[in-house]
*Asks:* 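To start, I am sharing the structure in question, which I have written as structure tokens.
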Amino acid sequence: MAADSRRLANFRWLVLDAMGVIYRAGDDVAELLVPYLRDQGCRLSAAEIEAGYHAASLGRMSSSEFWQRCGVDGNDADYIAGHSLSPGLRELLEHVTARGIRVACLSNDVSEWAALQRDHFGLAEFIDPWCISGDIGICKPDAEAFWTLLRAIEAEPGECLFVDDRQKNVDGARAVGIEAVLFGTECSASLDQLLDRFVP
């Protein structure tokens, strides 16, 4: 495991992916968005929905424009209510922040949904900043997404531990020099294990 030799106490920043790490659903499009749209009467194919979501997650359309494209009267608050936090997340955040380790989020998501989610779950007090692809116009695993994060937190790559549930994003982080672990494989599917392994 890439970060086994260094405990979290040796890092200034813990950087978390949102879907599949902060929030339980790893593939929010397939698990949550498509079913929500089907309930709303959307007749677009899953591929068409995915394409629209990708455009919105790059900031090329607003959430309201996305709903319109899908032919539904979608409601952001109703949609994000289907999300839930990963087990052990609050304990992890409380533990690391109490020890002076700062937490940031780097996520591919639609701007409006990401903002509503962090407010809905009261995460802003623990996680700051939130680098969301819909805001910065770049998706992981593009190297510029990671450099944008590093500029935002004023940190060097070696000062961060990044956790993501997709190998391509872990590889992208490692390519710019950030220590990274694959959530669900390298640190199990439990934030408790991340806490046990890296936080003294």
Side-chain angles (χ1 to χ4, degrees), residues 15-90 93 103-146 148-149 152 162-170 172-173 182-184 189 191:
V15 181
L16 302 176
D17 171 46
M19 299 306 162
V21 178
I22 293 175
Y23 306 111
R24 188 188 299 264
D27 185 350
D28 54 319
V29 175
E31 295 176 45
L32 300 174
L33 182 58
V34 171
Y36 175 81
L37 286 169
R38 294 288 179 251
D39 287 345
Q40 297 295 310
C42 175
R43 296 185 178 183
L44 296 182
S45 68
E48 289 171 320
I49 292 170
E50 178 75 42
Y53 169 81
H54 181 67
S57 71
L58 282 169
R60 295 173 183 167
M61 69 174 77
S62 66
S63 61
S64 61
E65 290 170 328
F66 171 78
W67 298 132
Q68 188 174 44
R69 174 172 171 160
C70 292
V72 303
D73 186 21
N75 180 282
D76 291 344
D78 287 346
Y79 169 61
I80 67 99
H83 291 74
S84 59
L85 294 178
S86 290
L89 176 76
R90 290 195 182 278
L93 296 177
V103 185
C105 174
L106 179 63
S107 178
N108 297 341
D109 201 359
V110 178
S111 298
E112 294 89 343
W113 299 347
L116 280 172
Q117 286 164 353
R118 62 178 175 259
D119 290 343
H120 177 74
F121 290 106
L123 298 176
E125 66 175 301
F126 296 107
I127 305 174
D128 183 54
W130 295 71
C131 286
I132 305 301
S133 62
D135 297 325
I136 65 176
I138 311 161
C139 281
K140 297 174 296 181
D142 191 310
E144 186 56 30
F146 295 99
T148 299
L149 167 79
F162 175 65
V163 182
D164 199 290
D165 64 325
R166 299 195 179 193
Q167 186 66 55
K168 65 181 180 179
N169 296 331
V170 168
L182 181 63
F183 190 64
L191 287 168

*Asks:* How close do Gly122 and Arg90 get, heavy atom to heavy atom, and via which atoms?
*Replies:* O-NH1, 4.0 Å
*Asks:* Can Trp67 and Asp76 be counted as having a side-chain donor-acceptor contact under 3.5 angstrom?
*Replies:*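 On atom types as modelled, these side chains qualify, holding a pair under 3.5 Å.
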*Asks:* Enter the distance from Asp27:CG to Glu50:CD here, rounded to the nearest 0.5 Å.
*Replies:*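 Rounded to the nearest 0.5 Å, the CG-CD separation comes to 7.0 Å.
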*Asks:* Which heavy atom in Ala25 sits nearest to a heavy atom in Leu32, and how many Å separate them?
*Replies:* CB-CD1, 3.7 Å
*Asks:* Strictly by salt bridge (charged side-chain N to carboxylate O under 4.0 Å, His left out), give each pair with a member in residues 136-146 just once, sequence neighbours left out.
*Replies:* Asp17-Lys140, Lys140-Asp164, Glu144-Arg151
*Asks:* Let me confirm one number: the CD1-CZ distance from Ile80 to Arg118, rounded to the nearest 0.5 Å.
*Replies:* 11.5 Å
*Asks:* If you compare all heavy atoms of Cys42 against all heavy atoms of Cys70, which two are closest, and at what distance to 0.1 Å?
*Replies:*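 The pair with the smallest heavy-atom distance is SG-O, 3.4 Å.
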*Asks:* Identify the two heavy atoms, one from Trp113 and one from Ser63, that lie closest to each other, and give their separation to 0.1 Å.
*Replies:*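 Closest pair (atom of Trp113, atom of Ser63, distance): NE1-CB, 3.5 Å.
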*Asks:* Just jot down the side chain to side chain contact (heavy atoms under 4.5 Å, CB included) partners of Leu58, sequence neighbours excluded, or say none.
*Replies:* His54, Arg60, Cys139
*Asks:* Decide yes or no for Val110 and Tyr79: does some side-chain heavy atom of the first lie under 4.5 Å from some side-chain heavy atom of the second?
*Replies:* no
*Asks:* When rounded to the nearest 0.5 angstrom, what distance separates CG in Asp135 from OG in Ser57?
*Replies:*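 OG of Ser57 is found 11.0 Å from CG of Asp135.
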*Asks:* Do Arg69 and Glu48 come within less than 4.5 Å of each other through their side chains, counting heavy atoms only?
*Replies:* no
*Asks:* With heavy-atom distances below 4.5 Å as the criterion, would you say the side chains of Val163 and Phe183 are in contact?
*Replies:* yes
*Asks:* For the backbone of Asp109 and the side chain of Ser133, can you confirm whether one donor and one acceptor N or O come within less than 3.5 Å of each other?
*Replies:* yes
*Asks:* Look at the side chain of Ser86 and the backbone N and O of Leu89, then say whether any donor-acceptor pair between them is shorter than 3.5 Å.
*Replies:* no
*Asks:* Show every side-chain hydrogen bond (donor to acceptor under 3.5 Å, both in side chains) that has at least one partner inside residues 33-44, sequence neighbours left out.
*Replies:* none
*Asks:* Taking the side chain as everything from C-beta on, heavy atoms only, tell me whether Phe162 gets closer than 4.5 Å to Val21.
*Replies:* no
*Asks:* On a heavy-atom basis, which atom in Val29 and which in Tyr53 lie closest, and how many Å separate them?
*Replies:*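 The pair with the smallest heavy-atom distance is CG2-CD2, 3.6 Å.
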*Asks:* Atom CG of Leu106 and atom CH2 of Trp130: how far apart are they, to the nearest 0.5 Å?
*Replies:*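 Rounded to the nearest 0.5 Å, the CG-CH2 separation comes out at 11.5 Å.
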*Asks:* Let me confirm one number: the CD-CD distance from Glu112 to Glu65, rounded to the nearest 0.5 Å.
*Replies:*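 The CD atom of Glu65 is 8.5 Å from CD of Glu112, to the nearest 0.5 Å.
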*Asks:* Within this structure, what is the CG-CG distance for the pair Leu182 and Asp165, rounded to the nearest 0.5 Å?
*Replies:* 7.5 Å
*Asks:* Out of the candidates Val72, Leu37, Ile49, only one should pair with Leu44 under the side chain to side chain contact (heavy atoms under 4.5 Å, CB included) rule; please name it.
*Replies:*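 By the side chain to side chain contact (heavy atoms under 4.5 Å, CB included) criterion, Leu44 pairs with just one of Val72, Leu37, Ile49: Ile49.
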*Asks:* Where do Arg166 and Gly26 come nearest, in terms of heavy atoms and distance?
*Replies:* NH2-O, 3.5 Å
